Every structure is written in C-alpha cells, then in structure tokens.
Protein chains: 2
Amino acid sequence: MKATYREVKADILCRITKGQWAPGSLIPNEVELAESYGCARATVNRAMRELADDGLIERRRKAGTRVRASPVRQARFDIPLVRSEIEDKGAEYRYSLVSRAIDEAPGWLRARLQLGADAQALHLVCMHYANGDPFQHEDRWINLEVLPQARDADFTQTGPNEWLVATIPFSTAEISFSAALADKELADCLACEAGAPVFTIERATWFEGDANTFVRLTYRPGHRMTTRY
Amino acid sequence: MKATYREVKADILCRITKGQWAPGSLIPNEVELAESYGCARATVNRAMRELADDGLIERRRKAGTRVRASPVRQARFDIPLVRSEIEDKGAEYRYSLVSRAIDEAPGWLRARLQLGADAQALHLVCMHYANGDPFQHEDRWINLEVLPQARDADFTQTGPNEWLVATIPFSTAEISFSAALADKELADCLACEAGAPVFTIERATWFEGDANTFVRLTYRPGHRMTTRY
DNA sequence: TAGTGGTCTAGACCACTAC
DNA sequence: TAGTGGTCTAGACCACTAG
C-alpha cells in the first residue's frame with residue numbers, strides 16, 4: 001500500500017512481462033489502479049505515462065489503456081563528442097586536421113541542406129585518434145553564410161565539433177546511419193584496406209531554419225554502436 | 001501567465017537555444033520559475049524533468065539546474081517489425097524461409113548468449129521482400145532449451161519475429177549496429193554483388209535471465225536508418 | 001545544515017473520443 | 001454523452017548534497 005510511482009510502474013511492467021496482462025488487453029483504469037495500489041491517481045498516471053513513453057502500453061482517452069500488441073522497440077543512442085567517446089574508454093585522444101578549403105557548396109550538399117545556388121562552404125577533413133590508432137574520420141562542411149566566423153576559426157588544434165558546440169547553443173538535427181566502402185583516401189586515413197566496410201554517421205543540423213553544418217563521420221572498420229533496453 | 005507545462009518547456013528551450021541561458025549556466029530554481037510563469041511548481045517541475053530526460057539540462061538537488069555544457073545528443077530509433085517497416089512505406093510485404101536446421105549452438109553463439117556447452121538451437125535463415133525486391137536478410141538462432149515449442153512452430157508462412165513477439169511478452173535486449181561485407185550467399189539473397197557494404201543490426205534478447213534468441217538482420221545495400229531530434 | 005529538486009496528495013476541471 | 005486520460009493546483013514532506 002502507499003506505493004510510489006516507481007513501484008507502480010515496476011508492478012505493471014511485471015504483470016505485462018509475466019503475461020498476466022496479455023498483449024492487446026485492456027488494463028484497469030487509473031482510478032481503479034490507484035485504489036488497488038492505495039495511492040493517488042496522479043501517482044498511477046505518472047507510472048503509466050512513463051510506460052507509454054517507453055512504448056509498452058498505448059493510452060487513449062475514453063478507450064483506456066492497452067498493452068501494445070507488438071511493443072515498439074526503441075533504441076536510444078547517445079551521440080557524444082568523439083573526444084568524450086574516446087576518453088570515456090580510458091584511451092588518449094588526439095586530433096589532427098587533414099585538409100581545409102573554402103569552396104562553393106557542391107550540388108549534393110546544396111540539395112541536402114537547402115542552400116542557395118552560390119553558397120560558400122568551409123570544407124574540413126579531420127582525423128580523431130584513440131591511443132594513436134585511427135578511430136574516426138570526419139568530413140565536415142560548414143555553411144559560411146550562416147557561420148562566417150568559421151572562416152577565421154583555428155581548426156588545427158581542436159576539431160570543428162567542439163567549436164560548433166561552443167558557437168551554436170542548440171539546434172535540430174537529422175541523423176542517419178549507414179554502411180559504406182572505404183575508398184583509397186579513407187583507407188589511408190583509417191589505416192585499413194580500400195574496400196573495407198565502414199560504419200558511417202551523417203548528420204545535418206539546422207539552427208532557426210538555416211542549415212549550418214553537415215558532417216559525415218566514418219569509423220574504423222569493425223566499429224559497433226551498441227545499446228540496451 | 002498561467003502557463004502550461006508545454007509552454008514552460010518551450011520557453012525554457014527557447015531561452016537555451018537563443019543563448020539567453022548559456023551552456024553551463026545556472027537556471028532559476030523551480031519556485032522562482034513558477035512565480036515568473038504564474039503557475040504551480042509541479043508544472044515547472046514537469047517541464048524541467050522532460051528537458052532533463054532529453055539531455056538538455058542537468059539537475060542536482062541543492063546544486064540547482066544547469067544547461068548542459070555539451071548537450072548529450074540522443075538519437076532515438078524505433079525498431080519495428082520488418083513487416084510494419086515495409087508496409088508503412090506503402091510497399092507490399094512478402095516473407096520467405098530460406099533454410100531451417102536444428103544444431104548445437106556454435107561457440108560464438110554460446111559465448112554471446114551465455115549458453116551451456118551442449119545447448120540446442122534452431123537456426124533459421126529468412127528473407128523479407130518489399131514489392132518483390134529483397135529488403136532484409138534475417139539470420140536467426142532460437143534457444144531451444146528456453147523455447148522448445150519453437151521446434152514445432154511453422155516458419156514457412158510467417159517469420160520468427162512475429163512468432164516470438166506473440167510468444168514472449170517482453171524481454172530485455174542488447175542491440176548493435178555495424179557495417180559488414182556481403183558474402184556470396186548473402187549477395188545472392190539480397191540480389192547484390194558480393195563485397196557490397198551492408199548495414200547490419202544484431203540483437204540478442206533475454207527473458208528473465210535466459211537468452212532466448214539472437215538475430216542478425218542485414219539490409220540491402222544503400223539502406224539507411226534515419227531520425228531527427 | 002540549509003537549499004534544491006523529487007515525489008505524493010486530494011481535488012478539480014478539461015479534452016478527447018468511443019459508443 | 002459519458003468515460004477515460006491529460007493536466008493543473010496548493011500544499012506538504014522527503015532525499016540528497018553543496019558549502
């Protein structure tokens with residue numbers, strides 16, 4: 001009795017996993033549960049809301065709450081700065097600038113970021129090392145129309161990622177994961193063979209409607225992103 | 001005045017993105033915010049709690065609430081059933097069983113799932129098609145010690161995924177994304193060339209401490225997982 | 001030890017929607 | 001239109017922890 005919302009949540013979860021409340025079936029309403037747990041309705045509400053957020057149950061006004069027929073599995077990944085990713089493993093982080101150039105944004109980039117016809121972009125290629133071993137290759141474009149100060153920033157000592165995090169408070173992003181082949185240049189940087197399969201993350205970010213940067217991060221062969229739920 | 005928690009959340013988010021509250025800086029406490037928004041403290045609390053869940057702020061009792069210095073970017077992916085993934089695109093789903101065998105679990109699988117030395121496993125290879133085109137290759141192992149009924153299940157018409165979802169109410173999982181090369185067999189199934197880079201998802205699931213299944217899902221070349229935040 | 005967030009309550013009103 | 005979840009309130013007490 002006098003259960004906390006955590007206890008209520010755990011108990012409901014338990015009943016679902018044990019099969020007591022089968023997939024698709026209706027769960028008692030909040031008032032009934034509050035009575036049976038001896039707590040306030042708000043407490044049950046919070047427990048149920050979190051379960052709904054976790055994708056385990058489905059709630060609809062008037063229709064009540066049901067156990068999801070096929071639970072929506074959600075994987076949640078943290079996308080840290082490379083520096084933290086490496087240092088958290090206890091490895092030593094090193095950064096290096098491979099190349100820097102200012103150019104008109106190529107067509108595919110203009111399309112992807114919805115840029116104007118003659119948009120100027122800063123193109124950086126960088127490498128991130130863990131204990132001296134190639135860890136991640138970074139191919140970055142920065143929109144100079146929106147971030148003209150990037151032109152004068154020094155990217156020889158620290159990566160553009162850290163500069164951007166400090167410069168842009170927050171932004172929305174589109175992120176995608178895929179597999180690619182290492183071409184000759186990438187293979188040289190990552191110290192692997194050309195034709196090796198590599199895991200890549202692409203991310204485009206916008207701030208107040210304007211695209212400010214696009215980056216393709218390529219990990220050394222064999223890299224995995226792992227999570228639990 | 002009389003703001004809802006959504007309005008409070010939006011306003012705080014706005015102040016952070018606009019740079020009014022810089023990364024690392026202290027945010028007014030709940031009581032102060034409640035007064036300035038003209039709402040109850042619980043309303044501010046809910047807004048702040050959600051922002052903390054989203055990784056934008058950090059809260060500690062007594063120390064107060066701060067804007068995260070480097071926001072933990074979190075990407076959330078839905079991992080749907082392949083069937084839904086395909087049908088949601090408006091494509092026609094088709095399933096096909098490639099092979100079925102019962103064997104001792106190989107060493108790597110026993111290690112990965114912490115199985116006993118002579119564990120029996122059902123090994124299934126399946127294909128999922130979208131509008132007739134190869135979409136996903138499924139290489140699945142089911143632990144027969146825990147799920148002996150899988151031995152008699154019919155996997156010629158529907159995939160093991162749907163059977164498992166119906167059989168196991170809920171389970172914990174470890175999921176990982178990586179890149180691989182298509183070998184000859186995979187290439188034949190996916191109608192691509194051997195040596196093509198492919199995106200793979202591996203998932204192991206446990207129910208009450210016992211591993212019940214391991215699956216490697218391989219998508220056709222060019223597949224992307226995308227999300228926004 | 002004092003200040004902050006974490007949680008609970010009892011009650012209220014509202015918004016949606018299945019019937 | 002009635003039943004269900006969604007949200008807000010004013011107040012209370014508790015748990016943690018920085019100083």
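Note that the coordinates shown come from a computational prediction; the quantities given were computed from them, not determined experimentally. Numbers restart at 1 for each chain; the letters A, B, ... are given by sequence-line order, proteins then strands.
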Nearest-nucleotide comparison on DNA chain C, the residue closer to the 5′ end among A/K62 and A/T4: A/T4

May I ask you to decide if the ring planes of B/Y219 and B/F135 are parallel, tilted or perpendicular, using 30° and 60° as cut-offs? perpendicular

Check the phosphate of D/dT4 against A/T65, side-chain N and O only, distance under 4.0 Å to OP1 or OP2. Yes or no? no

Could you tell me whether the phosphate oxygens of C/dT7, OP1 or OP2, come under 4.0 Å of any side-chain nitrogen or oxygen in B/N45? no

For D/dA10, which nucleotide is its Watson-Crick or G-U wobble mate, given both distances must be under 3.5 Å? C/dT9

The side chain of B/C39 is closest to which nucleotide in this list: D/dT9, D/dT7, C/dT9? D/dT9

Taking atom C1' of D/dT9 as reference, at what distance in whole Å does atom CD of B/E35 sit? 15 Å

Nearest listed nucleotide, side chain of A/A63, among D/dG6, D/dC16, C/dA18: C/dA18

Provide, to the nearest angstrom, the distance between the CZ atom belonging to B/R66 and the C1' atom belonging to C/dT4. 13 Å

Take the protein atom CD1 of A/I57 and the nucleotide atom P of D/dT4, then report the distance between them rounded to whole Å. 15 Å

Hey, which sits more toward the 5' end of DNA chain D by its nearest nucleotide, B/Y5 or A/G64? A/G64

State plainly whether the residues B/D11 and B/R15 are in salt-bridge range, i.e. N to O under 4.0 Å. yes

Heavy atoms from C-beta onward define the side chain here; which of C/dT7, D/dT9, C/dC16 lies closest to that of B/T43? D/dT9

Are A/R59 and D/dG6 close enough that a side-chain N or O sits under 4.0 Å from OP1 or OP2? yes

Reading DNA chain C from 5' onward, which residue's closest nucleotide shows up sooner: B/R41 or A/R60? B/R41

Between C1' on D/dG5 and CD1 on A/I27, what's the gap in Å once rounded to a whole number? 13 Å

What is the base-pairing partner of C/dT1, counting Watson-Crick and G-U wobble geometry with both distances under 3.5 Å? D/dA18

For atom CG of A/L33 and atom P of C/dT9, their distance in whole Å: 14 Å

The side chain of A/R61 is closest to which nucleotide in this list: D/dA10, D/dC16, D/dT4? D/dT4

SB check A/E50 A/R46 (cutoff 4.0 Å): yes

Is NZ or CZ of B/R94 both nearer than 6.0 Å to the six-membered ring centre of B/Y129 and within 45° of the ring axis? yes

For atom CG of B/D53 and atom P of C/dG5, their distance in whole Å: 16 Å

Can you tell me how far P of C/dG6 sits from CZ of A/R46, to the nearest Å? 9 Å

State yes or no: are the ring centers of A/W206 and A/F214 separated by less than 6.0 Å? no

How many Å lie between CD on B/E58 and C1' on D/dT17, as a whole number? 15 Å

